[in-house]
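Read through the structure below, which is laid out as structure tokens, and then see the notes.
Positions are given from 1, in the same order as the sequence printed here.
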Amino acid sequence: MNPSSYAFASMNIQENISLKPYNTFQIDKSAKLFVEARTPEEVIKALQIAKNNESPVFILGGGSNILLTKDVQAMVIKVTIKGIEVTDETDDHIWVKVGAGEVWHDFVLHAITNNWAGIENLSLIPGTVGASPLQNIGAYGVEIKDVFEQLSAINRHTLEEEVFTGEQCHFGYRESIFKNDLKDQYVITSVSYKLTKKPQFKVSYGAIQQTLESRGIQSGDFTIKAISDAVIAIRQSKLPDPKVIGNAGSFFKNPVLSADQFKQLQDAYPDVPGYPQTDGVKIPAAWLIEQAGWKGRTFGEIGVHKNQPLVLVNYGDGDGLAIKTLAENIQSDISSKFGINLFPEVNFI
């Protein structure tokens, strides 16, 4: 069937639409049905249409954390709810409610422009606001749970809106209840954050402080914009632009080892980097992948990025299933060489 569209209950439902423009891996798979939801009411309407037609549903945000391995035989609802609203304010803090369809980095820049601190270390992370609590996104010593207040979500079964607090979200390392117990049961429509007017700069993680110093910026001169600019420069130097080379950013989570496991690894590899956590020692998955010799390797149209081995890439017309196979081969090799299991951040569809 050729791509077509039709109006249903004032919504524009499209058939057999390529999802290549809607996923950062640029994988060319199609959606059986596709609809854009610009308000919570349209989300409910789309869910009702799918329910009436006994159609499965797939919720799509920025498409920056998915790997399409096949056509999606479902109604794809792309959430594009916009809006940034200040809901409360004190001398020290500001509460901001943001539509799930806002581009995450655009919101970060908006916060910096208004001198709202707390998310500057999360600059240039791809995706939409709605995915930020779903994944508990994090970088350079900051995670969403640190600034999260609450979210609103539509129950896919009752079609009613519910509110979740941070405690109810069960945040973990790149995890939340929406990736586990409540997976595929809700559609996030807005997220509220508690930001601060009195920044506490976090520059010890990664190369932030080194980058600031190279720019002649000393600790007394730190600003949230300077931190953001440093993070952007670091990310751009290591990570490929998905508009140029298809990718989903970091493909694997960084593993956390017990103190004994890390000591054993350190005895064999004295230069292994480690970052103490409350539950062990986190080591960079990128270091493991590079040590195992995968960095920069290509396999036809796909491969491991030459500058950042944590990033798997689609150089052109790569296939999602081939990238999944590559990921599994890397996991198997790391397990064999180091006795460490790598787990993907990216969701396989």
Side-chain angles (χ1 to χ4, degrees), residues 24 59-67 79 81 95-108 111 116-153 162-196 200 202 205-206 228 231 235 239 248-256 275-286 310-311 341-349:
T24 60
I59 305 301
L60 180 65
S64 62
N65 206 47
I66 60 172
L67 175 63
V79 179
I81 301 168
W95 286 260
V96 190
K97 180 180 178 181
V98 189
E102 289 283 354
V103 174
W104 171 257
H105 183 60
D106 289 350
F107 169 53
V108 173
W116 305 336
I119 54 175
E120 56 277 1
N121 288 52
L122 305 180
S123 297
L124 212 61
I125 291 179
T128 55
V129 162
S132 66
L134 179 76
Q135 293 286 129
N136 185 25
I137 61 172
Y140 301 104
V142 176
E143 291 182 310
I144 277 301
K145 67 179 180 61
D146 302 329
V147 296
F148 180 86
E149 183 69 13
Q150 64 180 34
L151 63 80
S152 295
E162 299 179 28
V163 174
F164 289 81
T165 64
E167 184 177 355
Q168 291 172 311
C169 288
H170 297 179
F171 289 126
Y173 175 49
R174 303 297 176 270
E175 294 283 352
S176 74
I177 195 169
F178 300 103
K179 287 189 71 177
N180 297 295
D181 294 352
L182 299 183
K183 184 177 181 180
D184 297 334
Q185 294 185 42
Y186 285 85
V187 182
I188 296 172
T189 55
S190 69
V191 186
S192 295
Y193 306 92
K194 180 183 179 183
L195 304 180
T196 179
Q200 293 183 331
K202 295 186 177 182
Y205 201 99
S228 173
V231 169
R235 292 184 69 91
L239 302 173
S250 300
F251 199 94
F252 299 103
K253 301 177 185 179
N254 293 318
V256 178
Y275 304 94
Q277 311 288 306
T278 56
D279 56 346
V281 181
K282 183 188 294 183
I283 64 169
L310 196 54
V311 178
N341 294 323
L342 291 184
F343 296 97
E345 278 192 43
V346 173
N347 297 299
F348 300 159
I349 308 302

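Side chains of Val142 and Ile119 form no contact here, defined as non-hydrogen atoms less than 4.5 Å apart.
By the 6.0 Å contact criterion, NZ on Lys97 is open, its count of non-hydrogen atoms from other residues, nucleotides or ligands being 12 or less.
Panel note: side chain Thr189, backbone Ser152; a donor-acceptor pair is recorded below 3.5 Å.
Atom OH of Tyr140 is separated from atom OG of Ser123 by 10.0 Å, given to the nearest 0.5 angstrom. In this structure, Ile125 CD1 and Leu239 CG are separated by 10.0 Å, a value rounded to the nearest 0.5 Å. Rounding to the nearest 0.5 angstrom, the gap separating the CD1 atom in Ile177 from the OH atom in Tyr186 is 8.5 Å. With values rounded to the nearest 0.5 angstrom, Tyr173 atom OH is found 8.5 Å from Gln277 atom CD. The CZ atom of Phe178 sits 14.0 Å away from atom NZ of Lys183, with the distance rounded to the nearest 0.5 Å. Atoms CD and OG, from Gln135 and Ser176 in turn, are 7.5 Å apart once rounded to the nearest 0.5 Å.
In this structure, Leu151 and Ile188 approach most closely via the heavy-atom pair CD2-CD1, 4.1 Å. Heavy atoms only, all atoms of each residue included: Phe164 and Leu182 are closest at CE2-CD1, 3.8 Å. The heavy-atom pair separating Ala285 from Leu342 by the smallest distance is CB-CD2, 3.9 Å. In plain terms, the two heavy atoms of Lys253 and Pro344 that are nearest each other are CE-O, 3.9 Å. Of all the heavy atoms in Gly127 and Ser64, the pair that sits closest is CA-OG, 3.2 Å. Residue Arg235 comes nearest to Ala139 through the heavy atom pair NH1-CB, 4.3 Å, listed as atom of the first residue, atom of the second, then distance.
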Listed pairs under 3.5 Å, donor-acceptor, residues 98-108 side chains, sequence neighbours left out:
| from | atom 1 | to | atom 2 | distance (Å) |
| --- | --- | --- | --- | --- |
| Glu102 | OE2 | Gly83 | N | 2.7 |
| Trp104 | NE1 | Leu122 | O | 3.0 |
| His105 | ND1 | Leu124 | N | 2.8 |

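Sorted by first and then second residue, the salt bridge (charged side-chain N to carboxylate O under 4.0 Å, His left out) pairs involving residues 130-149 (not counting sequence neighbours) are Glu143-Lys145, Glu143-Arg174.
A perpendicular orientation is assigned to the rings of Tyr193 and Phe148, their planes being inclined by more than 60° (bins at 30° and 60°).
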